[in-house]
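To keep things clear, I will list the structure first and then write my remarks on it.
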Amino acid sequence: MRRLFDPENPIISTLNDLTDLVILGLLWMICCIPVVTIGASCTAFCYAYNKFFVKKEGHAAKLFFHAFAANFKQATILWLIMVGILAFLGADYYLSRAALEEMPFLSVPLVLVIAIFIFVIMWSQYVFAYLARFENNTKNIMINSALIMLVNFPWSFLLLALFTVAVLFFPLILFAAAILYMVVANKIHERVFSKYIKRVEEGVSEDADL
């Protein structure tokens, strides 16, 4: 019986990890509710997940709140920038779509707007993961995350597909879809960012030779 409740028991260890993941997921979702804090919440989730589940450091909830507070200002600025870009593209799409019947030549710009919108969605999936792993100014975070997204385009496309599926199933399996997406996305981010983290650890700037 004592062995059954031993923390080293694989079953107990798995249950503990699932419990911590649910707690982390709940914190992420609750902190996303004000909307303006979504960027800080996503950054905190990425940071805490990487530290706790990958590097086996600290406590999940404490890591989350530490990252949320430490990155709040910069993450919020980045979030508002991304939302502003998406809102502008959304308005442009709406206006172009409404005028399409009278001006068929707008079909080309409309396709371009859609392409840029998709690009920004893919880009946004790297911005906060980058902030969770590297210290940099806002401008460089935006540039470097965009370059990493382009250089690792197959992974970026997979992230986009996962995001689309999560959004489609979100109303049905609210919590599970969101958390599953965040977990898988972070595993992909870890794979993509690992080579850049290695460069930083070796003393090479992450701004160079992306």
Side-chain angles (χ1 to χ4, degrees), residues 24 28 31-32 35-55 63-64 66-90 112-167 178-179 181-210:
L24 199 57
W28 169 65
C31 290
C32 280
V35 180
V36 74
T37 58
I38 288 177
S41 187
C42 289
T43 302
F45 184 98
C46 291
Y47 178 89
Y49 184 90
N50 181 57
K51 285 285 187 180
F52 185 77
F53 289 102
V54 179
K55 296 183 178 180
L63 288 166
F64 180 91
H66 166 75
F68 187 89
N71 296 293
F72 181 82
K73 181 178 179 180
Q74 195 170 26
T76 302
I77 291 172
L78 287 164
W79 167 246
L80 293 176
I81 290 172
M82 303 307 293
V83 169
I85 294 172
L86 290 171
F88 174 81
L89 291 169
L112 182 60
V113 168
I114 294 172
I116 296 174
F117 189 90
I118 293 173
F119 171 89
V120 175
I121 292 294
M122 294 170 68
W123 179 22
S124 66
Q125 293 181 90
Y126 282 92
V127 169
F128 304 108
Y130 184 100
L131 177 58
R133 289 168 172 81
F134 303 103
E135 290 185 12
N136 217 324
N137 60 52
T138 301
K139 178 182 175 182
N140 285 340
I141 288 174
M142 294 184 70
I143 293 172
N144 290 345
S145 58
L147 291 174
I148 291 172
M149 182 269 289
L150 291 171
V151 171
N152 299 276
F153 190 78
W155 288 114
S156 304
F157 188 79
L158 178 58
L159 282 169
L160 176 66
L162 290 170
F163 178 79
T164 303
V165 171
V167 170
I179 297 305
Y181 163 74
M182 291 296 288
V183 170
V184 176
N186 271 278
K187 288 184 179 298
I188 294 174
H189 287 141
E190 188 62 25
R191 184 183 182 94
V192 169
F193 283 116
S194 60
K195 55 185 175 183
Y196 305 112
I197 293 172
K198 185 177 180 181
R199 290 182 188 180
V200 172
E201 291 174 347
E202 292 174 350
V204 180
S205 171
E206 68 266 32
D207 296 326
D209 191 27
L210 287 173

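Computed from a prediction, not measured in an experiment: that's the story for all the values here.
- Sorted by first and then second residue, the salt bridge (Lys or Arg N to Asp or Glu O under 4.0 Å) pairs with a member in residues 36-51 read Lys51-Glu57; sequence neighbours excluded.
- Between Asn186 and Phe45, the closest side-chain pair of non-hydrogen atoms falls below 4.5 Å.
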Under 3.5 Å donor-acceptor pairs involving side-chain atoms of residues 76-86, not counting sequence neighbours:
from, atom 1, to, atom 2, distance (Å)
Thr76, OG1, Phe72, O, 2.6
Trp79, NE1, Val35, O, 2.9

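- To the nearest 0.5 angstrom, Asn136 atom CG is 6.0 Å from Asn144 atom CG.
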Using the rule given for side chain to side chain contact (heavy atoms under 4.5 Å, CB included), can you reason through Lys187 versus Tyr49, listing the C-alpha separation, both sets of side-chain angles and the distance that settles it, and then say yes or no? CA-CA 10 Å; Lys187 288 184 179 298; Tyr49 184 90; 3.5 Å; yes
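- In this structure, CE on Met149 lies 14.5 Å from OH on Tyr130, to the nearest 0.5 angstrom.
- For the pair Phe134/Phe193, a side-chain contact is recorded, criterion being any heavy-atom separation below 4.5 Å from C-beta on.
- Nearest heavy-atom pair across Tyr47 and Leu63 is CD2-O, 3.7 Å.
- Minimum heavy-atom separation, Cys42 to Trp28: SG-NE1, 3.5 Å.
- Pairs of residues two or more places apart, or lying in two chains, that qualify as side-chain hydrogen bond (donor to acceptor under 3.5 Å, both in side chains) and include a residue from residues 115-126 are Trp123-Ser145, Gln125-Tyr181, Tyr126-Ser156.
- More than 12 heavy atoms of other residues, nucleotides or ligands sit less than 6.0 Å from atom CZ of Phe53.
- Closest non-hydrogen pair, Ala44 versus Phe68, comes out as CB-N, 3.7 Å.
- Shown here for Ala129 and Cys46, the closest heavy-atom pair between the two residues is CA-SG, 4.0 Å.
- At a threshold of 4.5 Å between non-hydrogen side-chain atoms, the residues Arg191 and Asn152 do not count as touching.
- Nearest heavy-atom pair across Asn137 and Gln74 is C-NE2, 3.4 Å.
- The CZ atom of Phe117 sits 13.5 Å away from atom CE of Met122, with the distance rounded to the nearest 0.5 Å.
- Here the CG-CZ distance, from Leu112 to Phe119, works out to 12.0 Å after rounding to the nearest 0.5 Å.
- Annotation for Asn50 and Val54: closest pair O-CB, 3.1 Å, computed over non-hydrogen atoms.
- Between Leu162 atom CG and Leu159 atom CG the span is 6.5 Å, to the nearest 0.5 Å.
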Kindly indicate, with the supporting measurements, whether the criterion side chain to side chain contact (heavy atoms under 4.5 Å, CB included) is fulfilled by Phe88 and Val120. CA-CA 12 Å; Phe88 174 81; Val120 175; over 6 Å; no
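- With rounding to the nearest 0.5 Å, the separation of OG1 in Thr138 from CG in Leu131 is 8.0 Å.
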